[in-house]
Every structure is written in C-alpha cells, then in structure tokens.
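Below: one structure, written as structure tokens.
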Amino acid sequence: MAKRILFINQETIPYVPETELAVMGKKVPQAIQEKGYEIRTFMPKWGNINERRGQLHEVQRLSGMNLIINDTDHPLIIKVATIVQTRVQVYFIDNDDYFSKRQMLIDENGADYSDNSERTIFYARGVLDTVNKMRWAPDIVHCQGWMSAIVPFYIKTAYRDEPSFANTKVVTSLFAKNMSSNLGPDMKHYMEYKDAKAELLKNYNDEFDFDELGRLAIDYSDGIIEADKDVNPELLKYAEDNNKPLLRFADEDFADAYEAFYQQLYQE
C-alpha cells in the first residue's frame with residue numbers, strides 16, 4: 001500500500017494568485033495528508049511570493065548544491081513554509097537568476113521568459129536532488145502543472161537507479177493550457193543529464209510547446225489524471241491510445257478517487 005506521496009506543483013495558494021492549478025496545488029496535498037499519508041510538497045519560489053508574509057525560511061541542510069544547466073552553475077536554495085490552516089509544509093526551489101528576481105512564467109510585459117526551458121529543468125532536477133538528499137523515498141510522485149512535465153522523464157531515466165525513486169510510480173495531472181509560447185530549440189540539449197539522453201527525445205518536436213510537454217509527461221508517467229474540465233481532449237485521447245491508466249475528472253469527490261488511483265497504480 002502506498003504511504004508516501006511527493007507532490008511537485010507549479011503553483012500553490014496562498015503563495016501565488018488563485019488559479020485552478022494553484023487551488024489544486026493546495027487542495028490535493030491537504031486532502032491526501034488528512035487521509036493519513038506522509039507527504040512532501042514542492043513548488044518554485046516565484047519572485048512574486050512575499051517571503052515575510054508567507055514566513056518562508058531557508059533550510060540550510062538542504063541548500064548549497066549547484067546544478068549545471070546550459071554549461072553554467074546555478075546554486076540551489078531550499079526554503080520552507082507551512083500553510084497554517086492545513087498544516088501542509090511546502091518546500092520552495094529557489095535561485096536568484098531563475099526565480100527570486102522574476103515574476104512567474106511571464107515578465108512585466110506579459111511575455112513568456114525566454115529561458116523558461118532552463119527554469120523548468122532547474123526546478124525538476126532541484127526537486128529530485130533535494131528529495132534524494134532528504135533520503136526520503138516516495139511511493140507516488142504526483143506532478144501538477146507544466147513546470148513539472150519533465151519530471152516523469154527524469155525519474156524513468158536519470159534517476160531510475162537512485163534509491164529514492166527506484167520503486168516510485170509517477171502520476172501526472174493534466175490541466176487546461178496555460179502556456180502561450182514554446183520552450184525554444186535547445187530544450188532537448190539542456191535536458192541531457194546522466195541517462196536522460198537527447199536521443200530518447202528524437203520523436204518529439206524540437207521546440208516543446210504545452211501539448212508536446214503533455215505528451216512527454218504522459219509517455220513517462222504510470223497514470224494520468226484529468227484534473228480540469230478544459231483539458232485538451234487530444235491529450236486525453238493520446239493517454240488512452242497509449243494504454244495509460246486514466247482517471248477522469250472527479251470534481252469535488254477527487255480525494256477518494258485520487259487515493260484509489262494511487263493504490264491501483266502502486267499495486268500494479
């Protein structure tokens with residue numbers, strides 16, 4: 001029976017403005033924790049997060065690693081806070097260049113950041129390396145939001161021999177499109193890390209857009225959740241055509257449905 005669930009979220013209220021993605025970023029971990037599971041929850045430390053109001057503080061024992069992306073060292077800083085009403089602890093992946101000195105996914109002029117490809121890679125590897133450092137082995141990794149879409153690929157390739165992820169099942173929640181441009185022509189090259197080779201990505205478009213990231217996540221996940229009423233039906237069909245276990249939209253009854261889905265996947 002699955003006991004440990006790792007949530008890798010793109011957004012979580014109350015730290016960022018309310019969206020469907022941010023609401024589920026809070027509600028799902030809360031509901032699963034209330035069912036008695038041991039959880040860990042991560043999100044990026046977006047630059048619009050008020051650290052003082054949110055009572056974030058750095059976790060010195062987990063900070064200090066450097067991640068090399070695009071041939072450049074980027075320091076990894078880990079912060080943590082607790083959503084008081086729910087007692088859910090949230091870990092934040094931080095870096096001055098990628099997060100602290102930025103808005104979220106778009107800049108002040110409403111344009112996507114040109115290095116969002118690097119930012120999503122830094123986030124994915126930052127979470128996985130931090131969980132390794134915690135020596136905490138999740139039974140299920142649940143990804144919510146396109147910023148975590150490459151996590152399934154990494155878990156099944158670069159991190160597959162790590163004790164923390166050797167027996168992990170990966171779940172991806174699909175949401176409505178919330179990304180306006182693609183991630184640029186160098187994404188595959190930037191993603192290379194250990195056994196995560198660019199040649200494994202040859203069947204994907206060179207420039208990942210929202211739907212192509214969705215297909216990548218589906219291919220390397222063990223189960224897919226329709227988490228939004230407005231998910232692209234082509235992505236849902238892609239999951240079905242590839243025989244991926246698919247949990248349809250569960251609305252307010254999601255907690256019991258998600259728990260049953262976790263257990264189904266873990267027992268397979």
Side-chain angles (χ1 to χ4, degrees), residues 8-11 21 42-47 65-76 93-99 101-107 109-130 141 143-160 165 170-221 224 231-232 234-235 238-239 242 244:
I8 306 180
N9 296 334
Q10 179 172 310
E11 303 171 17
L21 187 54
F42 282 80
M43 69 174 288
K45 212 298 288 179
W46 303 113
M65 290 184 280
N66 283 321
L67 305 185
I68 300 175
I69 298 172
N70 191 14
D71 300 323
T72 303
D73 275 349
H74 298 277
L76 174 62
I93 297 295
D94 199 5
N95 172 270
D96 284 347
D97 295 327
Y98 287 142
F99 296 114
K101 297 178 180 178
R102 307 277 195 95
Q103 301 298 309
M104 293 176 67
L105 300 170
I106 58 176
D107 63 22
N109 299 314
D112 288 347
Y113 285 110
S114 60
D115 62 351
N116 273 345
S117 57
E118 295 180 44
R119 298 172 85 205
T120 189
I121 292 165
F122 182 88
Y123 179 53
R125 286 179 48 194
V127 172
L128 298 178
D129 284 349
T130 300
V141 173
C143 302
Q144 300 193 101
W146 71 258
M147 276 290 292
S148 62
I150 64 174
V151 167
F153 173 69
Y154 275 141
I155 288 178
K156 302 296 185 179
T157 56
Y159 292 81
R160 64 185 173 186
F165 301 105
V170 185
V171 174
T172 290
S173 281
L174 298 178
F175 289 85
K177 182 177 180 178
N178 63 348
M179 170 183 170
S180 57
S181 61
N182 61 47
L183 294 181
D186 298 314
M187 179 75 170
K188 292 179 181 179
H189 170 66
Y190 294 159
M191 283 174 66
E192 283 201 309
Y193 178 63
K194 295 183 178 178
D195 290 336
K197 305 295 186 183
E199 63 195 51
L200 296 173
L201 303 169
K202 63 184 179 182
N203 292 328
Y204 301 94
N205 295 334
D206 287 337
E207 299 194 15
F208 280 88
D209 62 11
F210 182 83
D211 290 336
E212 197 73 349
L213 282 174
R215 283 186 280 273
L216 175 67
I218 289 167
D219 286 340
Y220 286 91
S221 294
I224 303 299
V231 174
N232 182 350
E234 292 183 3
L235 285 178
Y238 183 81
N242 285 276
K244 295 291 181 176

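The model shown is predicted, which means the values in this text are computed figures rather than measured ones.
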| query | Any chance the side chains of D115 and Y98 put a donor and an acceptor closer than 3.5 Å? | reply | no
| said: Taking the side chain as everything from C-beta on, heavy atoms only, tell me whether I93 gets closer than 4.5 Å to M43. | reply: no
| Going by heavy atoms in the side chains, are W146 and N116 under 4.5 Å from each other? | yes
| Looking at CG of D206 and CG of D186, how far apart are the two atoms once the value is rounded to the nearest 0.5 Å? | 9.5 Å
| Is the count of non-hydrogen atoms from other residues, nucleotides or ligands lying under 6.0 Å from Q103 atom CD greater than 12? | yes
| Exercise: identify the closest heavy-atom pair between E212 and N205 | OE2-N, 2.7 Å
| What's the shortest heavy-atom distance between A176 and F210, and which atoms? | O-CZ, 3.6 Å
| message | Could you check whether any side-chain heavy atom of N9 comes within less than 4.5 Å of a side-chain heavy atom of S148, counting everything from C-beta outward? | response | no
| request: To the nearest 0.5 Å, tell me how far N182 CG sits from D209 CG. | output: 6.5 Å
| request: Please report the C-alpha distance between Y159 and D129 in whole Å, then the side-chain angles of each, then the deciding distance to 0.1 Å, and finally whether the side-chain hydrogen bond (donor to acceptor under 3.5 Å, both in side chains) criterion is met. | output: CA-CA 9 Å; Y159 292 81; D129 284 349; 2.8 Å; yes
| said: Do Y193 and T157 make a side-chain contact, defined as non-hydrogen atoms from C-beta onward lying under 4.5 Å apart? | reply: no
| SB check K202 E199 (cutoff 4.0 Å) | no
| Side chains of D97 and H74: closer than 4.5 Å at any heavy-atom pair? | yes
| query | Checking side chain to side chain contact (heavy atoms under 4.5 Å, CB included) for the pair N232/K177: CA distance, chi angles, key distance, verdict? | reply | CA-CA 8 Å; N232 182 350; K177 182 177 180 178; over 6 Å; no
| query | Between M104 and R119, what is the shortest heavy-atom contact and its length? | reply | O-NH1, 2.8 Å
| message | Just verifying a value: how many Å separate Y154 OH and M191 CE, rounded to the nearest 0.5 Å? | response | 5.0 Å
| Should E234 and D211 be marked as a side chain to side chain contact (heavy atoms under 4.5 Å, CB included) after you check the CA-CA gap, both sets of side-chain angles, and the distance that decides it? | CA-CA 9 Å; E234 292 183 3; D211 290 336; 5.6 Å; no
| said: Taking the side chain as everything from C-beta on, heavy atoms only, tell me whether L216 gets closer than 4.5 Å to L201. | reply: yes
| field | Atom pair CD1/CZ of I121 and R125 - distance to nearest 0.5 Å | value | 8.0 Å
| field | M65 and T130: CA distance, side-chain angles, deciding distance, side chain to side chain contact (heavy atoms under 4.5 Å, CB included) verdict | value | CA-CA 9 Å; M65 290 184 280; T130 300; 4.1 Å; yes
| message | Donor-acceptor check, side chain of K188 to backbone of P185, threshold 3.5 angstrom: yes or no? | response | no
| said: Restricting to non-hydrogen atoms, name the atom on S221 and the atom on T172 that form the minimum distance, rounded to 0.1 Å. | reply: OG-OG1, 2.8 Å
| Sidechain-backbone polar pair: Q144 side chain, S173 backbone, donor-acceptor under 3.5 Å | no
| task | Evaluate the side-chain proximity of I155 to Y220: yes if any heavy-atom separation is below 4.5 Å, no if none is. | result | no
| Just wondering, do M187 and I150 contact through their side chains at under 4.5 Å, heavy atoms? | yes
| query | Between CG of L67 and OG1 of T72, what distance do you get to the nearest 0.5 Å? | reply | 12.0 Å
| message | Distance check, rounded to the nearest 0.5 Å: Y238 atom OH versus I218 atom CD1? | response | 7.0 Å
| task | Indicate whether the side chain of Y204 and that of D219 have a donor and an acceptor atom separated by less than 3.5 Å. | result | yes
| Criterion side chain to side chain contact (heavy atoms under 4.5 Å, CB included) on V141 and V171, from CA distance to verdict | CA-CA 6 Å; V141 173; V171 174; over 6 Å; no
| said: Looking at every heavy atom in both Q10 and W46, which two are closest together, and how far apart are they? | reply: O-NE1, 2.9 Å
| note | For M147 and P44, the nearest pair of non-hydrogen atoms, with its separation, is CE-CG, 4.4 Å
